[in-house]
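Only heavy atoms go into these numbers, but all of them, side chains included; no hydrogens, no water, no symmetry mates.
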Amino acid sequence: LLDAFCQRPLSAKSWFEKTPFLSAAAYLFFISFNSIVRESPAAALHAVLSPFQKFVFTGHALLLYLLKALIPYPLCACYPYPETPQGTIPSLVYLSPIGAALVLWAWYRVARRNRHIFFGGLFFLIGITLPLGNIWMNAGLLSDRYMYLPSVGLFYAAGWLAISLGNRIEMPAVRKNFFRNILLSFI
């Protein structure tokens with residue numbers, strides 16, 4: 001990802017540089033995957049959910065992770081799966097994959113012209129893929145602890161966007177820097 005951002009060509013040398021890191025990551029993923037699948041209370045839930053329900057919950061979790069990046073309230077260690085008092089999945093949850101697809105489409109439309117937005121969004125997506133695409137991670141739909149590192153990509157893209165929009169505004173440099181710093185403090 002960083003090679004693409006820095007516009008460094010992929011070569012055998014660059015892959016060789018990454019081999020120790022990729023093999024360590026694969027080994028640690030294998031260990032954590034096996035321990036989670038064997039010892040997780042969600043293993044029973046994973047067996048009950050249909051592939052369509054897993055797809056729906058993945059889209060719903062992606063939208064919730066994006067919302068939690070913008071409004072981190074209330075925080076919880078583990079969010080339960082949404083269900084109605086009758087024990088069924090709420091109908092609004094079934095629309096969330098469409099919302100997630102629209103968000104990804106909008107990101108793609110902007111990111112294909114700007115490598116900073118591309119890098120930030122892809123950093124988020126790669127970081128959130130493991131807990132997002134695999135419902136077996138825990139007994140809940142999502143956990144805030146999985147959001148911390150991937151949100152760096154979103155905030156990088158938002159910060160770059162704020163700076164680039166601030167550069168387009170015509171005003172004295174002192175006032176422009178003041179407003180830019182105010183905006184960046186909220187990000």
| note | Taken in chain and number order and not counting sequence neighbours, the residues that satisfy side chain to side chain contact (heavy atoms under 4.5 Å, CB included) with L70 are none
| Of all residues at least two apart in sequence or in a different chain, which pass the side chain to side chain contact (heavy atoms under 4.5 Å, CB included) check with L161? | I117, S164, L165
| field | Listed partners of N114 passing side-chain hydrogen bond (donor to acceptor under 3.5 Å, both in side chains), at least two apart | value | none
Answer with yes or no whether the hydrophobic clustering places [X] together with [Y]; edges join I, L, V, M, F, W, Y residues whose side-chain heavy atoms lie under 4.5 Å apart.
X    : Y    : result
I126 : L142 : yes
L75  : I71  : no
V110 : V103 : yes
I98  : L92  : yes

| Partners of E83 by salt bridge (charged side-chain N to carboxylate O under 4.0 Å, His left out), sequence neighbours excluded? | none
| Contacts of R168 that satisfy salt bridge (charged side-chain N to carboxylate O under 4.0 Å, His left out) - sequence neighbours left out |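 Partners of R168 under the salt bridge (charged side-chain N to carboxylate O under 4.0 Å, His left out) test: none.
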Scan the side chains in residues 148-160 for donor-acceptor partners under 3.5 Å anywhere in the protein, sequence neighbours excluded, and list what turns up.
from: S151; atom 1: OG; to: M147; atom 2: O; distance (Å): 3.3
from: S151; atom 1: OG; to: Y148; atom 2: O; distance (Å): 2.7
from: Y156; atom 1: OH; to: H116; atom 2: ND1; distance (Å): 2.6
from: W160; atom 1: NE1; to: H116; atom 2: NE2; distance (Å): 3.4

Restricting to pairs with a member in [range], which pass salt bridge (Lys or Arg N to Asp or Glu O under 4.0 Å), not counting sequence neighbours?
range           : answer
residues 65-79  : none
residues 89-116 : none
residues 4-21   : D3-R8, D3-K18, R8-E17

| query | Hey, mind stepping through F118 and Y108 against side chain to side chain contact (heavy atoms under 4.5 Å, CB included) and telling me if it holds? | reply | CA-CA 8 Å; F118 178 79; Y108 172 74; over 6 Å; no
| said: With side chain to side chain donor-acceptor pair (under 3.5 Å) as the rule and sequence neighbours excluded, what pairs involving residues 85-98 come up? | reply: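 Pairs touching residues 85-98 that pass the test: T84-Q86, T84-T88.
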| task | Evaluate the side chain to side chain contact (heavy atoms under 4.5 Å, CB included) criterion for residues Y81 and I89: first the C-alpha distance (whole Å), next the side-chain angles of each, then the deciding distance (0.1 Å), finally the verdict. | result | CA-CA 9 Å; Y81 284 93; I89 299 171; over 6 Å; no
